[in-house]
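Just below is one structure, and these are the notes that go with it.
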Amino acid sequence: MPFKKITSLAMALALTGLAACGQDSLPPPAAEEAVPAGEVNIYSYRQETLIKPLLDAFTEETGITVNVVSGKADALLERLKNEGINSPADILLTADVGRLLRAQAAGVVQPIESDVVNEVVPAAYRDPAGEWVGLSLRARTIFYAKDRVDPATLSTMAALAGDDFKDKICIRAASNIYNQSMLAAMVARDGAEAAEAWAAGMVANMARQPQGGDRDQLRAVAAGECDIAVSNTYYYGRMMADEPGSRDREVAESIGLFWSDQEGAGTHVNIAGAAVTKHAKNKANAVALIEFLLSPEAQQIYAEGVYEFPIRDGVAPTPIVEAWGPFTADSTALSLIGDHTTEAVMIMDRVGWQ
Ligand code: FE
């Protein structure tokens, strides 16, 4: 007890600038040592090289050291669950709200508590309880063979399931989280019956069994296997950014992007986002980093490097993306997707979507 008293006296002296008076008789007070800004630890699905410039800028501005563990999104969530209270992670960075909702359901995240988040990010793109937040937007829309499809024949994602598109569509497998989230959003918006009718129509219209990733659907359009593909737009953006004359650049140039549902609900969008882990040891630093990633400067760099859309209003996407023109995004709250993902998976199973 007496030792404690001396220490707090020393600290009080230090704080009032009088510590020098007692310097000879008292041990150097702890408060005089430079307080390190500390660190923040990220589990990121996104490769460190992509976000490094941003993280370096954050460290320069705040003095906070950032440590990144990169990995596959599902593996990172598993790791977080297994580590429990001993996890070193403060932030989980992941893509697709479906994964953020899984983290939320697993109980490994906590509310972010930030006025900046609430002001900057539209309500549809963050958790009502604050347990996850979007940092950028990714759109899932329709792509078509320029030489075989008149874009005037395109309208909505729902219309792709109609008779006009028999054997013309390439889309990836039912196991893919992008399709699960898109269908779950349809269930939330249009009801389960309409969503199932759509899924059945899509299966009837597939040009081939689902295979490969989004990029492979675009390549299949270029190769003439199908006329239409459903893909996230950033893959198209990356292909467009390839060297002129390269295979993927030529694929992208032979394909047009069509913004679906512009007369109705708007194009389906999803997020790449962040959550603060439940057992974050550096919570304040984690919130500071998330707020930094939402700043106009960071939003520009973040969206530029990955061909996604800034989530913050008033920040322009990279020129390749801007060239696709403005579009109306579906404003259905992404938090609703979680309520309908299981149903979406069952629907795809019932209609034979492989
Ligand atoms: Fe992706």
Side-chain angles (χ1 to χ4, degrees), residues 42-51 54 68 70-78 92-103 125 132-143 157 169-185 210-222 228-242 247-249 251-252 255 257-260 267-275 293 299 301-311 317-318 320-321 324 327 329-330 334 337-338 341 344-345 348 353:
I42 305 178
Y43 280 6
S44 171
Y45 84 103
R46 197 153 259 170
Q47 287 164 1
E48 191 175 355
T49 46
L50 279 171
I51 48 173
L54 277 177
V68 182
S70 305
K72 296 254 183 215
D74 293 328
L76 290 173
L77 176 56
E78 271 319 294
L92 176 66
L93 278 186
T94 193
D96 201 285
V97 70
R99 291 205 178 87
L100 291 163
L101 292 164
R102 278 181 205 165
Y125 308 136
W132 47 262
V133 60
L135 295 174
S136 59
L137 282 177
R138 13 180 63 204
R140 192 160 185 76
T141 196
I142 301 169
F143 294 84
M157 199 57 84
I169 296 173
C170 281
I171 185 166
R172 67 201 285 185
S175 58
N176 170 241
I177 197 165
Y178 305 152
N179 284 339
Q180 292 172 5
S181 289
M182 184 169 72
L183 186 56
Q211 54 196 267
D214 279 2
R215 250 183 284 232
D216 296 309
Q217 315 311 313
L218 299 173
R219 289 172 186 144
V221 171
I228 308 273
V230 174
S231 170
N232 285 355
T233 58
Y234 54 86
Y235 292 110
Y236 183 61
R238 283 182 210 168
M239 289 168 133
M240 287 268 204
D242 270 3
R247 188 175 77 120
D248 274 350
R249 175 75 174 258
V251 164
I255 291 173
L257 177 156
F258 180 83
W259 288 123
S260 74
T267 302
H268 173 69
V269 288
N270 208 305
I271 52 173
L293 292 174
Q299 281 280 291
I301 301 168
Y302 190 79
E304 233 164 53
V306 294
Y307 304 97
E308 294 180 7
F309 296 88
I311 208 157
T318 198
I320 284 179
V321 175
W324 306 335
F327 72 103
D330 186 348
L334 293 183
I337 283 176
T341 302
V345 171
M348 288 197 274
W353 189 322

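First listed ligand is number 1; within each ligand, the first listed atom is number 1. These values consider heavy atoms only, across backbone and side chains, with no hydrogens, waters or symmetry-generated copies.
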Practice problem: Assess whether side chain to side chain contact (heavy atoms under 4.5 Å, CB included) is satisfied between Ile171 and Trp353, documenting all intermediate values. | Solution: CA-CA 10 Å; Ile171 185 166; Trp353 189 322; 3.7 Å; yes

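At a cut-off of 2.8 Å, measuring from the Fe ion (ligand 1), the protein N, O or S atoms that fall short of it are Tyr178 OH, Tyr234 OH, Tyr235 OH, waters left aside.
Checked against side chain to side chain contact (heavy atoms under 4.5 Å, CB included), Val68 has the following partners two or more places apart in sequence or in another chain: Ile42, Ser44, Glu48, Leu55, Val66, Ser70. Remark: Arg219 engages Asp216, Asp248 in a side-chain hydrogen bond (donor to acceptor under 3.5 Å, both in side chains) (not counting sequence neighbours). In this structure Glu304 satisfies the side chain to side chain contact (heavy atoms under 4.5 Å, CB included) test together with Gln300, Thr318, sequence neighbours excluded.
When each of Val269, Ile271, Thr233 is checked for a side-chain contact (heavy atoms from CB on, under 4.5 Å) with Phe309, only Thr233 meets the rule.
For the 3.5 Å distance criterion, the side chains of Tyr234 and Asn232 qualify, holding a donor opposite an acceptor.
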